[in-house]
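Report on one structure; see the data block that follows.
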Amino acid sequence: MAKILAVDDSASMRGMVAFTLRGAGHEVSEAENGQLALDAARSGNFDLVLADVNMPVMDGLSMVRELRTMPAYKGVPILMLTTESHTDKKMEGKAAGATGWLVKPFDPDQLLATVKRVLG
Amino acid sequence: MGKATTQRKGDTVRAISLPADFRIAALDEVKASLVEALDVPAVQIDGAAVERVDTAALQLLVAYRREAVARGQAPAWQGASAAMREAAAVLGLVQALELPATTPA
Amino acid sequence: MSKAALAQFQQVFIEESLEGLDTMESSLLELDNGGDAELVHTIFRAAHSIKGGAATFGFPEMSSFTHEAESLLDEVRSGKRAIDGAIIELLLRTVDCLRAMFARAQAGEPLNDTVAEALRNELAAAMGRGAPAGAVQARRNVDQADAWTIRFRPYAGMLASGNDPLRLIRELGGLGELTVTPEFDRLPATLAALEPGECHLGWTIELKGPARRADISGVFDWVEDECDLSIDARHVVTEAAPPPAAAPAAPAPAAAAPVADAGAARAQREASAESSSVRVSIDKIDGLINLVGELVITQSMLDTFREGEIDAARLAVLEQGLAQLARHTRELQESVMGIRMLPIASVFNRFPRMVRDISQKLGKQVKLELVGEQTELDKTVLEKIGDPMVHLVRNAIDHGLETPDKRRAAGKGDTGTLTLAASHRGGSIVVEVSDDGAGLNRDAIIGKAVQRGLISSGEGMSDEAVADLIFQPGFSTAAVTTDLSGRGVGMDVVRRNVADLGGTVTIRSTQGKGSVFTITLPLTLAIIDGLTAAVGEERYIVPLVSIVESVQLKGDAVRSVAGGGELFRFRNEYLPVIRLHDAFGCQDAVRGIDEGLMVVVEGDGTRVGLFVDGLIGQQQAVVKSLEANYRRVQGVSGATILADGSVALIVDIAGLVRLQARRKAA
């Protein structure tokens with residue numbers, strides 16, 4: 001099973017994501033902002049990063065841009081957890097280097113399906 | 001996870017082992033070995049250890065083979081893992097890569 | 001995810017959302033006072049988190065509601081819209097409305113109500129749109145076919161976003177049987193020219209199997225701007241007409257939503273959350289773990305004394321160990337109690353908004369000052385101190401502080417100052433609500449009290465005693481009952497609520513200068529300081545806070561009065577006597593007044609003499625609920641276990657006074 005990094009400043013959202021993914025047998029690390037996520041990413045080789053867009057300290061987009069400069073995260077899928085259904089917001093995420101997005105609200109099944117999809 | 005290793009057998013035969021994690025992050029190194037191998041008449045590529053592979057990796061192999069063949073060489077497979085063969089099949093690249101049907105023992 | 005697990009995250013979500021709303025509120029207020037642009041981001045983030053979580057955790061109504069507010073904030077954030085008082089007001093009401101919605105969510109009631117609906121329309125109107133057109137959007141053609149040709153040519157940069165054609169085509173394989181033909185035309189001529197991180201391949205894919213166009217394009221939805229994609233049906237099965245686009249609803253009139261009462265909504269939320277959970281800082285938990293570690297070490301050290309002779313040297317070590325054990329136990333007790341201690345800031349923070357609303361309504365100018373917000377107190381006390389404070393603050397603005405005209409006439413500045421201050425004093429927490437307003441009007445109070453029949457005349461009454469009259473049931477000094485304080489709640493209720501928490505409320509006032517209301521409360525309800533009193537064979541704990549003094553009286557100091565009661569003179573007043581042995585039916589108790597002790601106590605604003613055999617000593621008592629373990633007993637607030645293992649009841653002075661009053665009346 002995969003090593004996944006869940007980044008969200010909301011403890012409930014992060015908890016729900018981590019709980020669901022652990023239940024599916026994944027190894028999940030949690031970070032509560034982009035800066036902490038980068039620290040975690042440097043020390044662990046994650047197969048997938050799930051990140052909120054709006055976070056204090058360092059937002060999701062800046063985090064993705066930083067991650068993409070790290071050789072080990074060149075091709076690693078990064079999904080943005082976003083409430084934005086507007087195309088331009090999603091495109092902002094894509095432009096920063098995100099793989100795709102998961103639009104909130106999502107339920108655990110949707111989350112697992114998307115993670116399964118992106119891990120191939 | 002092994003890196004791409006190049007083994008010199010005199011000046012005529014070159015063996016290249018592909019790494020277990022044969023994906024985008026590992027390709028600069030593999031590419032360097034392959035570019036070097038273009039100058040060697042006989043090259044054997046071993047993909048038996050490959051566990052994870054992506055499109056970029058197979059694209060690199062395709063580009064290498066095309067140039068090698070154009071130069072009149074015949075790169076041979078020493079082995080190809082199931083993961084590699086499955087990925088090549090999905091991308092329709094089995095033919096272009098001339099992958100062996102099964103890994104020789 | 002199981003229901004229980006979801007519910008658990010729901011609770012966390014609600015708690016963090018309420019915190020988020022507090023942040024939104026305080027930031028909006030700061031913005032109103034000329035705060036900087038960073039505040040807008042903070043507010044936006046809070047709204048955004050609530051919106052995202054709400055739908056995920058099963059509150060779609062809240063999500064769509066927050067969406068409107070968020071859109072508004074987004075325009076402010078991106079500079080498309082300037083923030084003004086009207087928007088702040090609208091957003092503040094949104095905060096109230098969401099709080100009320102969360103309260104309903106916790107109570108399991110329907111989330112939407114007319115206030116929410118009206119406000120939502122108002123938000124939509126503010127965005128220059130009508131009512132939100134619902135979730136129905138014109139959907140793409142849902143044509144279906146049993147064979148498709150897909151041409152997929154990724155742009156060079158697609159791999160860098162983590163999207164791998166391998167994954168996409170594999171996923172496509174889930175829809176049917178694939179025939180995949182690669183295209184190499186874009187591949188560089190030489191290997192050296194190939195940038196391994198870029199994609200130069202393309203594919204034509206034949207898909208056999210019944211599939212909808214949406215299923216196929218869904219596979220590519222993350223990469224639609226990173227590739228050329230064409231999806232062509234080869235065998236068309238059906239072509240369903242797209243559903244008619246829903247006619248956009250007519251813009252609803254921007255109904256003025258009734259002003260939601262922030263205090264009420266909050267009170268509702270707190271009432272329902274009273275027994276829920278407590279958030280503890282990691283530091284406190286680490287401290288506890290540390291202490292438990294020490295305790296384990298001490299215990300294993302003491303364990304070595306199980307074997308071998310204990311000589312003088314070892315005895316010294318043993319004594320040292322026992323002293324250590326005592327110290328760690330005491331520290332552990334303090335730490336565990338500390339877990340329940342929270343800063344009073346969470347109560348204080350509701351007041352800036354309330355003061356703003358009330359003072360605007362009354363046309364008064366009020367500056368609010370908060371002092372000692374970090375003062376910690378027990379969570380149970382914290383939850384219950386809010387209502388009395390709300391009442392005192394309302395009262396101070398309504399009756400204490402004057403209008404700018406009157407203030408000028410009195411030679412004061414236009415703006416009145418209201419101060420909330422919290423501090424620790426010994427084992428108590430003291431909360432003061434003070435204002436620099438008109439102060440109490442002695443004559444007006446006496447006049448009213450006489451009119452109400454509370455007193456016959458004010459002659460000879462100290463200022464203190466006069467001020468105390470406002471705490472009498474049914475007393476109100478306002479000539480006209482305003483809609484703010486006219487809630488059928490008087491100062492007597494404030495005093496009773498505080499008394500129920502084992503505390504007292506007093507007032508100091510100077511006419512023309514202002515008033516200070518002082519609430520004194522125990523830090524915790526779990527442990528009380530008390531004196532142990534002996535009554536016959538029984539032991540009772542009398543809470544230290546209610547003890548005024550204890551006196552040894554001569555036999556003739558107590559007089560019987562008509563109706564069976566007894567009185568004694570204490571300083572300048574006559575106090576009724578409650579014989580504890582009578583009240584609780586104890587055998588073998590001392591009956592002669594000169595053989596026992598009279599403990600003067602105060603409860604519910606009334607002083608009485610409690611007659612006991614004697615006082616044994618002072619101790620801290622861990623309160624055990626009698627109600628939970630036995631049943632409610634009049635005049636007793638709980639029980640505790642004494643050092644010798646016997647049980648002592650804790651005397652509820654206020655309850656005892658009421659009990660006695662009833663007996664006398666009967």
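Not measured: the values here are computed from a predicted model. Residue numbers begin at 1 in each chain, while the letters A, B, ... track the order of the sequences.
Put simply, of C:Pro188, C:Pro196, C:Gly197, the one with the most heavy-atom pairs under 4.5 Å next to chain B is C:Pro196. Interface remark: of the candidates B:Leu27, B:Leu60, B:Leu91, B:Leu91 forms the most heavy-atom pairs closer than 4.5 Å to chain C. Among C:Ile169, C:Val180, C:Ile205, C:Leu166, the residue with the largest count of heavy-atom pairs under 4.5 Å with chain B is C:Leu166. Among the candidates C:Ala193, C:Pro182, C:Gly173, the residue making the largest number of heavy-atom pairs closer than 4.5 Å to chain B is C:Pro182.
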So between chain B and chain C, what donor-acceptor pairs come in under 3.5 Å?
| residue | atom | partner | partner atom | Å |
| --- | --- | --- | --- | --- |
| B:Lys31 | NZ | C:Ala192 | O | 3.0 |
| B:Lys31 | NZ | C:Leu194 | O | 2.8 |
| B:Thr55 | N | C:Asp164 | OD1 | 3.4 |
| B:Thr55 | N | C:Asp164 | OD2 | 3.4 |
| B:Thr55 | OG1 | C:Asp164 | OD1 | 2.2 |
| B:Thr55 | OG1 | C:Leu166 | N | 3.0 |
| B:Gln59 | OE1 | C:His200 | N | 2.6 |
| B:Gln59 | OE1 | C:Leu201 | N | 3.4 |
| B:Gln59 | NE2 | C:Glu198 | O | 2.6 |
| B:Glu67 | OE1 | C:Leu191 | N | 2.5 |
| B:Glu86 | OE1 | C:Arg170 | NH2 | 2.8 |
| B:Glu86 | OE2 | C:Arg170 | NE | 3.3 |
| B:Leu91 | O | C:Trp203 | NE1 | 2.8 |

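For the residue pair C:Cys227 and C:Pro154, the shortest heavy atom distance occurs at CB-CA, 3.5 Å. Here the closest heavy-atom approach between residue C:Phe44 and residue C:Leu73 is recorded as CD1-CB, 3.8 Å. Nearest heavy atoms, B:Leu99 versus B:Ala80: CD2-CB, 3.7 Å. Counting all heavy atoms, side chain and backbone alike, C:Leu191 lies closest to B:Ala63 at CD1-CB, 4.0 Å.
For chain C, the nearby parts of B:Leu34 are the backbone and the side chain; heavy atoms of each come within less than 4.5 Å. Looking at C:Leu178, neither its backbone nor its side chain comes within 4.5 Å of chain B, counting heavy atoms on both sides.
Looking at heavy atoms from C-beta onward, B:Leu18 lies out of side-chain contact with B:Val53 at the 4.5 angstrom threshold. Looking at heavy atoms from C-beta onward, B:Pro19 lies in side-chain contact with B:Val30 at the 4.5 angstrom threshold. By the 4.5 Å heavy-atom criterion applied to side chains, C:Phe59 and C:Ile14 are counted as neighbours.
Here the straight-line distance linking atom CZ of C:Phe152 with atom CG of C:Leu168 works out to 5.0 Å at 0.5 Å rounding.
Looking at residues two or more places apart in sequence or on another chain, you find a side-chain contact (heavy atoms from CB on, under 4.5 Å) between C:Val292 and C:Val296, C:Leu332.
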